[in-house]
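Please see the structure below; I have some questions.
Chain A is the first sequence line, chain B the second, and so forth, proteins listed ahead of strands; every chain is numbered from 1.
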Amino acid sequence: MPRTQPIKAARGVRDILPAAIPLWREAEQGAADVARRFGYQEIATPVIEQVELIQRVGEDTDAVAKELYRLEKRGSQDLALRPEATAGVVRAYFEGGLNQGPQPSRLYLIGPMFRHDKPQKGRYRQFSQFNVEVIGGASPGFDAEVIELAGSWLDEVGVRDVRLELNSIGDAKCRPAYLDRLKDYYRPLKSRLHADSQLRLERNPLRLLDSKVGQDQPFKSAAPKITDHLCADCAAHWALVRRLLDAAGIEYEHNPYLVRGLDYYTRTVFEFYPGGARGQQDALASGGRYDGLAEAEGWPSTPGVGFAGGLDRVIELMAVKGEPVGTRPAADVMVLPDGDLAVEAAEVARICRSVRSTAVDYEPKSLAAKMRSANKLGVKFVVLLSPADAAQRTARLRDMSSGEQTDLAWVELPTRLA
RNA sequence: GUGGCUAUAGCUCAGUAGGCAGAGCACCAGAUUGUGGAUCUGGGUGUCGCGGGUUCAAGUCCCGCUAGCCACCCCA
């Protein structure tokens, strides 16, 4: 027992152990396959970005205000670990000149994001996202396309029982008038709202609608719905998105309380939840249109729409329903030197590797123990090497399933193992 | 930021009215004159998370701290 506590992983992060890797590969591969099938190209952006980029994009969100991992300043740049991907992808779109190619750019990204919030099930400080972004396209067809893509991904990886919630939150033309209506509605009720909600009333009234606090619930149903107050353009967009989803056979629920708290979000917003769940911490993927984002970053005004899918959460569901992935042995062949034959065993392994994955058991334990261990690993063949064998460059090959053994020269191993 | 539960061997955990610290698994060795799977036998020195308190006596009761998990808020 060590005198001090051993060093553990940082709070809120976790390891993906070998046994879980196939599941992650499947989720990521499924994402990449579906994205490519829809004509999207992969992009990778840095996990560090300038704090300013991140802040411009989400000043009011917890993710930026309280949960940002800011790096110690080195030189003049103020950097942080990205809490989400869209800001960086939009930045890269302009910086990399993608805005000068054919429009729109269809992009996807898979990678880690970082938020310093309190860890719990399905929520980690480092988590992995599948992001899909259409930048430079304003048509409702793109909104429906990314929704369909998200749904296809979940379907592809076997997460079938999902619920899609959809809403439109208008744009700079119609939202201000709606927000005034909303404030007019809530002001007389202010004293009966939760303290946090009272603050939101003037600062970010849209957020009152997605409040999960019990005492706020009774007032929602009578609140004005933004979809009843869209301008003509937004209403047409909203109608076409729904028609496209209907035509695609995609089921959704109109949730008038589904919102985004940031100004640059416009029109379409959507979220995918697992069948039974209702809490927001269960969202598998969420996205929407962000026609104001490029401008917020200081680039030319450019429309965009996309979503972020949570790999960690999707994998959790895959693991529950998916049949256990057969643990493949790390190696097909194990070389068991019987005695002090490390050099010779390594050479034999090198020979075997030309045809099969091969490892060596260098431990100074009994041959029985080495056999036991080879058996547990599930190797198909064992190459036994005694000092006498080694001197003549011969070995004994044992087939672990049949128990058959043959003595042979090292040079014969590749043909016998192939 | 708030609350609940938990913390004992490498792992999973038991520990009964406070009275010498336990099991299973894993691992090693042997039975098998150096060849796996089954069986049997042997192999444990653990600051009982940390710090205080009560007591003749604390893994056990009380307080504080830390960590983990879960939930709230919020996010994927």
Side-chain angles (χ1 to χ4, degrees), chain A residues 1-14 27 58 60-68 82-86 110-132 150 154 194-197 199-200 204 207 210-214 216 260-262 271-274 277 279-287 306-317 334 336-339 361 363-388 396-405:
Chain A
M1 200 48 184
R3 279 252 153 247
T4 54
Q5 294 285 323
I7 299 166
K8 302 277 200 56
R11 186 161 159 73
V13 303
R14 59 199 183 135
D60 272 359
T61 62
D62 284 355
V64 171
K66 302 191 302 201
E67 300 168 0
L68 198 62
R82 63 183 180 194
E84 56 90 43
T86 306
I110 297 170
M113 309 295 154
F114 304 84
R115 290 182 200 172
H116 186 198
D117 54 5
K118 200 145 182 176
Q120 67 185 66
K121 194 176 185 64
R123 195 177 65 192
Y124 306 95
R125 289 181 173 178
Q126 175 179 335
F127 57 100
S128 197
Q129 278 191 347
F130 169 40
N131 273 80
V132 166
L154 294 172
H194 187 264
D196 289 347
S197 298
L199 288 174
R200 287 177 187 145
N204 201 346
R207 296 292 311 284
D210 75 344
S211 166
K212 306 294 184 298
V213 184
D216 295 348
R260 288 284 183 279
L262 299 168
E271 295 190 344
F272 282 88
Y273 292 99
Q280 202 176 2
Q281 73 275 13
D282 294 317
L284 296 174
S286 81
F307 73 86
L311 270 294
D312 304 76
R313 290 177 185 176
V314 165
I315 280 161
E316 196 130 322
L317 292 178
M334 183 68 72
L336 306 187
D338 187 12
D361 191 337
E363 288 300 309
K365 54 190 181 185
S366 73
L367 194 54
K370 288 177 192 166
M371 284 296 290
R372 200 157 40 236
S373 152
N375 181 55
K376 278 205 175 124
L377 287 169
V379 302
K380 297 186 176 73
F381 298 96
V382 142
V383 178
L384 296 152
L385 200 60
S386 70
R396 184 167 292 180
L397 177 66
R398 181 179 177 91
D399 182 323
M400 289 299 273
S401 53
S402 68
E404 236 173 89
Q405 314 197 131

Legend entry - Residue pairs involving residues 367-381 of chain A (criterion salt bridge (Lys or Arg N to Asp or Glu O under 4.0 Å); sequence neighbours excluded):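 Salt bridge (Lys or Arg N to Asp or Glu O under 4.0 Å) check on residues 367-381 of chain A returns D332(A)-K380(A).
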
Legend entry - Atom pair distance, as rounded to whole Å: CZ in R11(A) and P in C69(B):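 For the pair R11(A) CZ and C69(B) P, the rounded distance is 7 Å.
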
Inset, instruction - Could you give the distance separating C40(B) and A9(B) at their P atoms, to the nearest angstrom? - result: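 About 26 Å, rounded to a whole number of Å.
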
Inset, instruction - Starting from C1' on C74(B), measure out to CD on E84(A) and report it in whole angstrom. - result: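 Whole-Å distance recorded here is 15 Å.
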
Legend entry - Whole-Å gap separating C1' (A76(B)) and OH (Y273(A)):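 Rounded to the whole Å, the gap is 11 Å.
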
Legend entry - Residue list, salt bridge (charged side-chain N to carboxylate O under 4.0 Å, His left out) with D117(A), at least two apart or on another chain: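 Once residues adjacent in sequence are excluded, the partners of D117(A) under the salt bridge (charged side-chain N to carboxylate O under 4.0 Å, His left out) criterion are R123(A).
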
Inset, instruction - May I ask you to verify if any side-chain N or O of Q120(A) is less than 4.0 angstrom from the OP1 or OP2 atom of C69(B)? - result: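 Negative; the distance criterion is not met.
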
Legend entry - Separation of atom NZ in K118(A) from atom C1' in G1(B), rounded to whole Å: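 Going from NZ in K118(A) over to C1' in G1(B) covers 8 Å.
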
Inset, instruction - Would you sketch RNA chain B in dot-bracket for me? Only Watson-Crick or G-U wobble pairs with both distances under 3.5 Å count, crossing pairs as [ ], other-strand pairs as |, the rest as dots. - result: (((((((..((((.....[..)))).(((((.......))))).....(((((..]....))))))))))))....

Legend entry - Under-4.0 Å side-chain N/O to phosphate OP1/OP2 contact, Q129(A) with A76(B):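 Result: no.
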
Inset, instruction - Find the distance L311(A):CG to A76(B):C1' and express it as a whole number of Å. - result: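 Going from L311(A) (CG) to A76(B) (C1'), I get 9 Å.
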
Legend entry - Summary of protein contacts for nucleotides 24-40 of chain B, nucleotide by nucleotide, where a base hit scores B, a sugar-phosphate-only hit scores S (4.0 Å, heavy atoms): ---SSSS---BBBB---

Inset, instruction - Describe the nucleic acid contact of L284(A) in one word from base, sugar-phosphate, nothing, applying a heavy-atom distance below 4.0 Å. - result: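 Sugar-phosphate, no base atom in range.
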
Inset, instruction - Please state the C1' separation for the pair G10(B) and G43(B) - nearest whole angstrom. - result: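 Nearest-Å result for G10(B) against G43(B) at atom C1': 15 Å.
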
Legend entry - Integer-rounded Å distance: A76(B) C1' and N131(A) CG: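 Value for this atom pair: 9 Å.
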
Legend entry - Integer angstrom distance from the P of U45(B) to that of G68(B):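 It works out to 31 Å between them.
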
Inset, instruction - Taking the side chain as every heavy atom from C-beta outward, state whether P112(A) and R82(A) have any atom pair closer than 4.5 Å. - result: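 In contact.
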
Inset, instruction - Check salt bridge (charged side-chain N to carboxylate O under 4.0 Å, His left out) between R396(A) and all other residues, then give those that pass, not counting sequence neighbours. - result: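 For R396(A) the salt bridge (charged side-chain N to carboxylate O under 4.0 Å, His left out) partners, ignoring immediate neighbours, are D407(A).
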
Legend entry - S401(A)-D399(A) side chain donor-acceptor pair, cut-off 3.5 Å: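 Side-chain D/A pair, S401(A) to D399(A): present.
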
Legend entry - Phosphate-side-chain proximity, R200(A) and C74(B), N/O vs OP1/OP2 below 4.0 Å: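 Yes.
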
Legend entry - Step-by-step side-chain contact (heavy atoms from CB on, under 4.5 Å) determination, R398(A) to E404(A): CA-CA 6 Å; R398(A) 181 179 177 91; E404(A) 236 173 89; over 6 Å; no

Legend entry - Length of the NE2-C1' vector between H116(A) and C73(B), whole Å: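 These atoms are roughly 15 Å apart.
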
Inset, instruction - Nearest 0.5 Å please: distance from the CD atom of Q126(A) over to the CG atom of D312(A). - result: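 Taking CD in Q126(A) and CG in D312(A), the distance rounds to 8.5 Å.
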
Legend entry - Within 45° cone and under 6.0 Å: R14(A) NZ/CZ vs Y124(A) ring: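 Relative to the ring axis of Y124(A), which defines the angle, R14(A) lies inside both limits.
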
Legend entry - Nearest-nucleotide comparison on RNA chain B, the residue closer to the 5′ end among Y124(A) and P119(A):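 Looking at the nearest nucleotide for each, P119(A) comes out on the 5' side.
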
Inset, instruction - With sequence neighbours left out, write down each residue that passes salt bridge (charged side-chain N to carboxylate O under 4.0 Å, His left out) with R260(A), or none if nothing qualifies. - result: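 R260(A) satisfies salt bridge (charged side-chain N to carboxylate O under 4.0 Å, His left out) with E271(A) only.
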
Inset, instruction - Could you work out the separation of U16(B) and A7(B) based on their P atoms and round it to a whole Å? - result: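 Per the computed distance, 12 Å lies between those P atoms.
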
Legend entry - For atom CG of D210(A) and atom P of C72(B), their distance in whole Å: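 Taking atom P of C72(B) as the reference, CG of D210(A) is at 15 Å.
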
